[in-house]
Amino acid sequence: MSRRSKTRFIVKIRDQRVQLFSAFETKDGTVQFNMPKNLNYEHPTAGELKIKESHISCHPSPNMDANTLKYTHTFEDGTKRSSKARHLSEKNKSCIPAFFCKANRLELATLKTHKARDEIIDLGSYNPEVSTLIFAVFITPPSVRPPKFGKNINFVAKSFSQWTASLCWIFSELTASERLIVTPPQTIPARDNRITNVGRSIAPIAGFGENEARKIFMSMCQRYVLINWRDLEEMQSSRSMPHVPDFLKAEMQKRAMTFRKYSDPDSDNFFRTRGLM
C-alpha cells in the first residue's frame with residue numbers, strides 16, 4: 001500500500017533543505033504533525049530525558065465543538081508518554097494552539113528524500129549563526145478565517161478537510177543555542193478520560209481570538225529568547241571566552257528581544273565581534 005502524502009514545512013540552511021515538521025491527514029479528519037526524529041527535543045514534562053520522536057494529533061469532534069489534541073513522545077530510554085488537551089471552539093474564539101517551538105541549529109534535520117506528491121512549504125532562509133527561529137502552529141475549524149498575526153510576523157495557512165493549520169514564525173536577533181524546545185498547551189495524561197488535574201476538575205480549554213493568539217505567540221517568543229540567552233551565556237563561560245562588558249550585554253539583550261521577519265545575515269558582525277558566536 002502506498003504511503004499517504006505529506007505536507008513538509010522546511011527552511012534552507014546554507015542551501016540545504018531542512019525539515020521543521022511534516023503534517024498529514026487521516027480518513028477520519030485527524031491531522032497529525034510529526035517532528036523530525038533524533039533531534040533531542042526538550043519538553044516541559046520530560047525532566048532530563050531527551051525526546052527522540054514526537055507527534056501531535058488533532059482529533060475533531062462530530063460538531064467541532066470540543067476537539068482533542070494528543071501529544072505522544074518517545075524518549076531516549078525507549079519509554080513513551082502521551083498527554084492530551086480538550087479545546088472548545090466558540091464564536092470568535094476558535095483559534096487553538098497546537099504547539100510552540102524554539103529551533104536550534106537543526107544540523108540533523110536535513111530533508112534527504114520525499115515522495116513526489118508531497119507538498120513542500122518553504123519558509124525561506126534560516127541562518128542559526130545570527131538568529132533564532134521561533135514558530136507556532138494554531139488550528140481552526142475550516143469555517144473560521146485563519147488568524148492574522150500582523151505585518152511583522154510571517155504566516156502561512158494549510159487547509160485540511162476538518163482543520164486549517166496556521167503556521168506563524170519569526171526570528172530573534174540572537175544566535176541559536178543548541179537546545180531545541182517544543183512546548184504544548186496545558187495537557188493531562190492521555191490515559192485519564194476525565195478532565196482533571198491533581199483532583200481538581202477543569203473544563204475544556206477555550207479557544208482564543210485573533211488578538212489573544214498573537215499575544216500568546218509573542219509571549220512565548222520572549223520566553224524562548226530568555227532561555228536562549230541563558231544557554232549562550234553558559235556556552236560562553238564553558239569556552240572561557242572573553243568577558244562581555246555590561247553595556248554591550250545590555251545592547252545585545254535589547255537586540256535579542258527585537259523580532260524580525262527574516263533571518264538577516266547583516267547582524268553577523270554585531271555578534272561575532274562581541275564573542276557570542
Would you mind reporting whether [Y] and [X] have side-chain heavy atoms less than 4.5 Å apart?
X      : Y      : value
Asn154 : Leu123 : no
Pro142 : Ser159 : no
Ser82  : Lys70  : yes
Arg179 : Asn104 : no
Thr140 : Phe138 : no
Phe75  : Arg81  : yes
Thr132 : Val225 : no
Met35  : Val182 : yes

Spatial distance of atom [atom1] ([X]) from atom [atom2] ([Y]) [nearest 0.5 Å]:
X      : Y      : atom1 : atom2 : result
Ser172 : Tyr224 : OG    : OH    : 13.0 Å
Cys221 : Ile134 : SG    : CD1   : 4.5 Å
Phe21  : Cys101 : CZ    : SG    : 9.0 Å
Trp229 : Ile227 : CH2   : CD1   : 15.0 Å
Arg145 : Ser166 : CZ    : OG    : 10.5 Å
Thr68  : His59  : OG1   : NE2   : 7.0 Å

Between [X] and [Y], which heavy-atom pair has the shortest distance, and what is it?
X      : Y      : result
Ser125 : Phe171 : O-CZ, 3.9 Å
Ala103 : Leu180 : CA-CD1, 3.6 Å
Ile139 : Cys58  : CD1-SG, 3.7 Å
Pro97  : Leu69  : O-CD2, 3.7 Å
Ala165 : Val137 : CB-CG1, 4.4 Å
Ala157 : Phe155 : CB-CZ, 3.9 Å

### Query
Going through the distances and angles, do Thr175 and Glu129 end up as a side-chain hydrogen bond (donor to acceptor under 3.5 Å, both in side chains)?
CA-CA 5 Å; Thr175 303; Glu129 298 295 333; over 6 Å; no
### Query
Thinking salt bridges, do Lys6 and Asp118 make one under a 4.0 Å N-O criterion?
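Salt bridge: no.
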### Task
State which residues pass side-chain contact (heavy atoms from CB on, under 4.5 Å) with Asn152; sequence neighbours excluded, sorted by chain then number.
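Applying side-chain contact (heavy atoms from CB on, under 4.5 Å) to Asn152 gives none.
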### Query
With sequence neighbours excluded, what pairs up with Ser219 under the side-chain contact (heavy atoms from CB on, under 4.5 Å) test?
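In terms of side-chain contact (heavy atoms from CB on, under 4.5 Å), with neighbours along the sequence ignored, Ser219 is linked to no residue.
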### Task
Would you sort out whether Lys158 and Glu119 count as a salt bridge (charged side-chain N to carboxylate O under 4.0 Å, His left out), showing the intermediate values?
CA-CA 10 Å; Lys158 167 62 180 175; Glu119 179 183 9; 2.7 Å; yes
### Message
For Lys12, give me all partners under salt bridge (Lys or Arg N to Asp or Glu O under 4.0 Å), at least two apart in sequence or on another chain.
### Response
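Here the qualifying residues are Asp122.
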For the pair [X] (side chain) and [Y] (backbone), establish whether a donor and an acceptor sit closer than 3.5 Å, ignoring hydrogens and angles.
X      : Y      : answer
Trp163 : Thr30  : no
Arg17  : Ile10  : no
Glu25  : Ser161 : yes
Gln162 : Pro60  : no
Gln16  : Ile13  : no
Tyr71  : Ala98  : yes
Asn228 : Ser177 : yes
Ser131 : Asn127 : yes

### Message
Evaluate Phe24 against Asn34 for side chain to side chain contact (heavy atoms under 4.5 Å, CB included), listing each step before the verdict.
### Response
CA-CA 9 Å; Phe24 66 87; Asn34 291 332; 3.4 Å; yes
### Message
Between Ile170 and Phe217, is the side chain to side chain contact (heavy atoms under 4.5 Å, CB included) condition met? List the steps.
### Response
CA-CA 10 Å; Ile170 205 167; Phe217 176 59; 4.0 Å; yes
### Task
May I have the step-by-step check of side chain to side chain contact (heavy atoms under 4.5 Å, CB included) for His73 and Lys80, ending in yes or no?
CA-CA 6 Å; His73 308 293; Lys80 288 188 177 182; over 6 Å; no
### Query
Testing Phe9, Phe99, Phe100 for side chain to side chain contact (heavy atoms under 4.5 Å, CB included) with Phe135, which one passes?
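Result for side chain to side chain contact (heavy atoms under 4.5 Å, CB included) with Phe135: Phe99.
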### Message
Working note: Trp169 + Leu20, criterion side chain to side chain contact (heavy atoms under 4.5 Å, CB included); need CA distance, chi angles, decisive distance, verdict.
### Response
CA-CA 11 Å; Trp169 73 98; Leu20 299 176; over 6 Å; no
### Query
Is it true that Val31 and Val144 fall in one hydrophobic cluster, defined by side-chain heavy atoms closer than 4.5 Å?
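Val31 does not cluster with Val144.
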### Task
Evaluate the criterion side-chain hydrogen bond (donor to acceptor under 3.5 Å, both in side chains) for residue pair Ser57 and His55; output intermediate values, then yes/no.
CA-CA 7 Å; Ser57 52; His55 67 257; 5.3 Å; no
